[in-house]
Amino acid sequence: MVAPVITVIGVIIGWPLVRGIYLSTTNANEANVERTIGVNHIPATYESVGLDNYTSILSDGVFWDRLTWTLVWTVSCVALSFSLGLALAVMLNRKLKGRTFYRMALILPWAVPAFVSVFTWRLLFNEKNGLLNALLTGGGFDAVPWLNDPTWAKLSVIAVNVWLGVPFMLIAMLGGLQSIPSELYEAAEMDGANAWQRFRHITLPGLRPVSSTVVLISAIWTFNMFPVIFLLTRGGPGDATEILVTYAYRLSFVVSPRDFAGSAAWGVLILVLLSLFAVVYRRALRKQGDVW
């Protein structure tokens, strides 16, 4: 019964993965791959180079610079998204007037396609005609080079990604909160526990099965969040906001000649890093007593 699913996954994911790993051990580029120009068919002439691509990448400071910023970007976005999503979920889990409207409004950013949201934020961040700078200059403040200064550009892409990620965290945390028995809160309140104690000893442990999963998923998504970086800053200014996945894309589709082997090697390294993170994260959960 699972054979059709396995077959589809093998074709869609397995074959490109195997092909990418193979290309990463060659010197394939735009000039030596198999191609057809008009009626002329040119065979591939690239050769195997073993692990030279990986050695070159790991010995280059570019990789470590991109990796450092990618980790900062991932940790910042996941931490902020989780904190805001949890805070909003706790507030919306209470009985308040207009709760349904607030839930729909907060989930809306998740319903809008990511590229539409990013282009909208790009207009807002426009240094000359953007709404944000119009508000600042109208209030007597200097305009901010949101996307033209390395520091402001990094803060901008983090803010946009958090805005996109909070609805997912909100939905997951809200579902987790509603699964916690209300009797636990009533018993704790009768024993004299204050709001912070109830949150610390009931809410957080009750959310652990949900939060551990969504943090892992969010970390993987954010680590490979191509649309926000590429559509908002294209990795700029310069290469200030370039993460691993956007740099791999640049090697394969932007630079000339296009370096297919180098891009594939970067992709394999990204896969290895995420796999190691998932394994370490799962072991940490098991030590805490969570089964995942």
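At distances below 3.5 Å, at least one donor-acceptor pair connects side-chain atoms of Arg250 with backbone N or O atoms of Arg234. Put simply, the side chain of Thr203 never gets that close to the backbone of Arg200: no donor and acceptor are under 3.5 Å apart. Without hydrogens or angle criteria, Ser212 side chain to Pro209 main chain gives a donor-acceptor distance under 3.5 Å. No donor-acceptor pair under 3.5 Å is formed between the side chain of Ser76 and the backbone N or O of Trp73. The backbone N or O of Leu80 lies less than 3.5 Å from no partner atom in the side chain of Ser83, so there is not a single donor-acceptor pair. The backbone N or O of Ala248 sits nowhere less than 3.5 Å from a side-chain atom of Ser252 that would complete a donor-acceptor pair. The backbone N or O of Ala219 lies less than 3.5 Å from no partner atom in the side chain of Thr222, so there is not a single donor-acceptor pair. For Trp15 (side chain) and Gly10 (main-chain N/O), no donor-acceptor pair under 3.5 Å exists by modelled atom type. Side-chain atoms of Gln178 do not come within 3.5 Å of backbone N or O of Gly175 as any donor-acceptor pair. Counting only distance, with no hydrogens or angles, the side chain of Asp60 and the backbone of Val62 share a donor-acceptor pair below 3.5 Å.
Here Trp121 pairs with nothing under the side chain to side chain donor-acceptor pair (under 3.5 Å) rule; sequence neighbours left out. Looking at residues two or more places apart in sequence or on another chain, you find a side chain to side chain contact (heavy atoms under 4.5 Å, CB included) between Asn133 and Glu127, Leu136, Ala143, Val144, Trp146. Partners of Thr241 according to the side chain to side chain donor-acceptor pair (under 3.5 Å) rule, which considers only residues two or more places apart in sequence or in another chain, are Thr233. Arg122 meets the salt bridge (Lys or Arg N to Asp or Glu O under 4.0 Å) test with no other residue; sequence neighbours excluded. Residues meeting the side chain to side chain contact (heavy atoms under 4.5 Å, CB included) test with Asn53, sequence neighbours left out: Val49, Ala261, Ala265. A search for ring-ring contact (aromatic ring centres under 6.0 Å, His included) contacts involving Trp221 returns Phe168, not counting sequence neighbours. A search for ring-ring contact (aromatic ring centres under 6.0 Å, His included) contacts involving Tyr22 returns nothing, not counting sequence neighbours. Scored by the side chain to side chain contact (heavy atoms under 4.5 Å, CB included) test, Val210 finds Ala172, Met173, Val214 as partners (sequence neighbours excluded).
Val75 and Leu164 fall into different hydrophobic clusters, where Ile, Leu, Val, Met, Phe, Trp and Tyr residues are linked whenever their side-chain heavy atoms come under 4.5 Å apart, directly or through other members. Residue Val215 is grouped with residue Leu204 when hydrophobic side chains (ILVMFWY) are merged at heavy-atom distances under 4.5 angstrom, including chains of intermediate members. Leu244 and Leu23 fall into different hydrophobic clusters, defined by Ile, Leu, Val, Met, Phe, Trp and Tyr side-chain heavy atoms under 4.5 Å apart, directly or through other members. In the hydrophobic clustering of this structure, Met104 does not group with Leu84; members are Ile, Leu, Val, Met, Phe, Trp, Tyr whose side-chain heavy atoms approach within less than 4.5 Å, directly or through other members. By the rule that hydrophobic residues join a cluster once side-chain heavy atoms approach within less than 4.5 Å of another member, Leu123 and Leu135 end up as members of separate clusters.
Side-chain atoms of Leu17 and Leu271, non-hydrogen and from C-beta on, do get closer than 4.5 Å to each other. Between Leu184 and Ile180, the closest side-chain pair of non-hydrogen atoms falls below 4.5 Å. Using a 4.5 Å heavy-atom threshold, the side chains of Leu174 and Val90 count as separate.
Residue pairs meeting the salt bridge (Lys or Arg N to Asp or Glu O under 4.0 Å) criterion with at least one member in residues 14-37, sequence neighbours excluded, are Glu30-Arg258. Residue pairs meeting the ring-ring contact (aromatic ring centres under 6.0 Å, His included) criterion with at least one member in residues 232-275, sequence neighbours excluded: Phe63-Trp266, Phe226-Tyr249, Phe230-Tyr249, Tyr247-Trp266, Tyr249-Phe253.
When the shell of 6.0 Å around CG of Asp142 is examined, it contains 12 or fewer heavy atoms from other residues, nucleotides or ligands. In Phe199, the CZ atom is crowded: over 12 heavy atoms of neighbouring residues, nucleotides or ligands sit closer than 6.0 Å. More than 12 heavy-atom neighbours from other residues, nucleotides or ligands sit within 6.0 angstrom of CH2 on Trp69.
Side-chain heavy-atom separations under 4.5 angstrom define the hydrophobic clusters, and the remaining members of the one that includes Ile13 are Val5, Val8, Ile9, Ile12. When hydrophobic side chains of Ile, Leu, Val, Met, Phe, Trp and Tyr are connected at separations under 4.5 Å, Ile42 ends up clustered with Ile37.
Atoms CD1 and OG1, on Ile229 and Thr246 in that order, are 6.5 Å from each other to the nearest 0.5 Å. The OG atom of Ser211 sits 11.5 Å away from atom CG of Leu216, with the distance rounded to the nearest 0.5 Å. Taking CG from Asn29 and OG from Ser256, the interatomic distance works out to 9.5 Å, rounded to the nearest 0.5 Å.
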